[in-house]
Amino acid sequence: MNISGQDLIRACSAIGAGLAVIAGIGPGIGQGIAAGHGAAAVGRNPGARGQIMSTMLLGQAVAETTGLYGLVVALLLLFVHPLG
């Protein structure tokens, strides 16, 4: 069995893409925690609902960028061929 350099690069790119997609776990957990704390805060102080929701959504948008960067890296590793 002979593995060429091109095959090795493609295999490593696929492994790297899989690892990059794992970056989606962190934002998912963080957004769930933020939503839970936001719901608890609204339960304690319903009058501040608008301010709590806007702050929570801004924080979730910032947290989601990590997952999107991981997705972009994975797509680049899978579909951009460095060898031509």
Side-chain angles (χ1 to χ4, degrees):
M1 179 177 224
N2 188 12
I3 298 175
S4 69
Q6 188 174 10
D7 292 334
L8 181 63
I9 289 174
R10 287 191 177 138
C12 289
S13 292
I15 292 169
L19 291 173
V21 171
I22 292 175
I25 293 173
I29 292 170
Q31 289 176 358
I33 291 170
H37 287 296
V42 169
R44 284 190 306 271
N45 188 1
R49 179 182 178 271
Q51 195 172 22
I52 292 169
M53 293 294 288
S54 64
T55 303
M56 181 191 70
L57 291 175
L58 178 65
Q60 286 186 346
V62 171
E64 183 62 27
T65 58
T66 307
L68 291 175
Y69 290 147
L71 178 65
V72 168
V73 168
L75 290 173
L76 287 173
L77 285 170
L78 288 176
F79 297 113
V80 175
H81 300 290
L83 302 175

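If you read the sequence from its start, that first residue is 1, and numbering goes on from there. On a predicted model such as this, the values are computed, not experimentally measured, just so you know.
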_Which residues pass the side-chain hydrogen bond (donor to acceptor under 3.5 Å, both in side chains) test with T65, not counting sequence neighbours?_
none
*Whichever hydrophobic residues join L58 through chains of side-chain contacts under 4.5 Å*: none
Could you pull out all donor-acceptor pairs under 3.5 Å where a side-chain atom in residues 42-51 meets a protein atom, sequence neighbours excluded?
none

*In the single-linkage hydrophobic clustering (I, L, V, M, F, W, Y; side-chain heavy atoms under 4.5 Å), do L71 and F79 co-cluster?*
yes
*Taking the hydrophobic residues Ile, Leu, Val, Met, Phe, Trp and Tyr, and joining any pair whose side-chain heavy atoms are under 4.5 Å apart, which ones share a cluster with M56?*
M53, L57
I'd like a table of donor-acceptor pairs (distance under 3.5 Å, sequence neighbours excluded) in which one partner is a side-chain atom from residues 16-36, with atom names and distances.
residue	atom	partner	partner atom	Å
Q31	NE2	Q60	O	3.1
Q31	NE2	E64	OE1	2.8

*Output the rest of the hydrophobic cluster of V73: all Ile, Leu, Val, Met, Phe, Trp and Tyr residues reachable through side-chain heavy-atom contacts under 4.5 Å, sorted by chain and number.*
L77
_Once side chain to side chain contact (heavy atoms under 4.5 Å, CB included) is applied, do any residues pair with S54, and if so which ones, sequence neighbours excluded?_
none
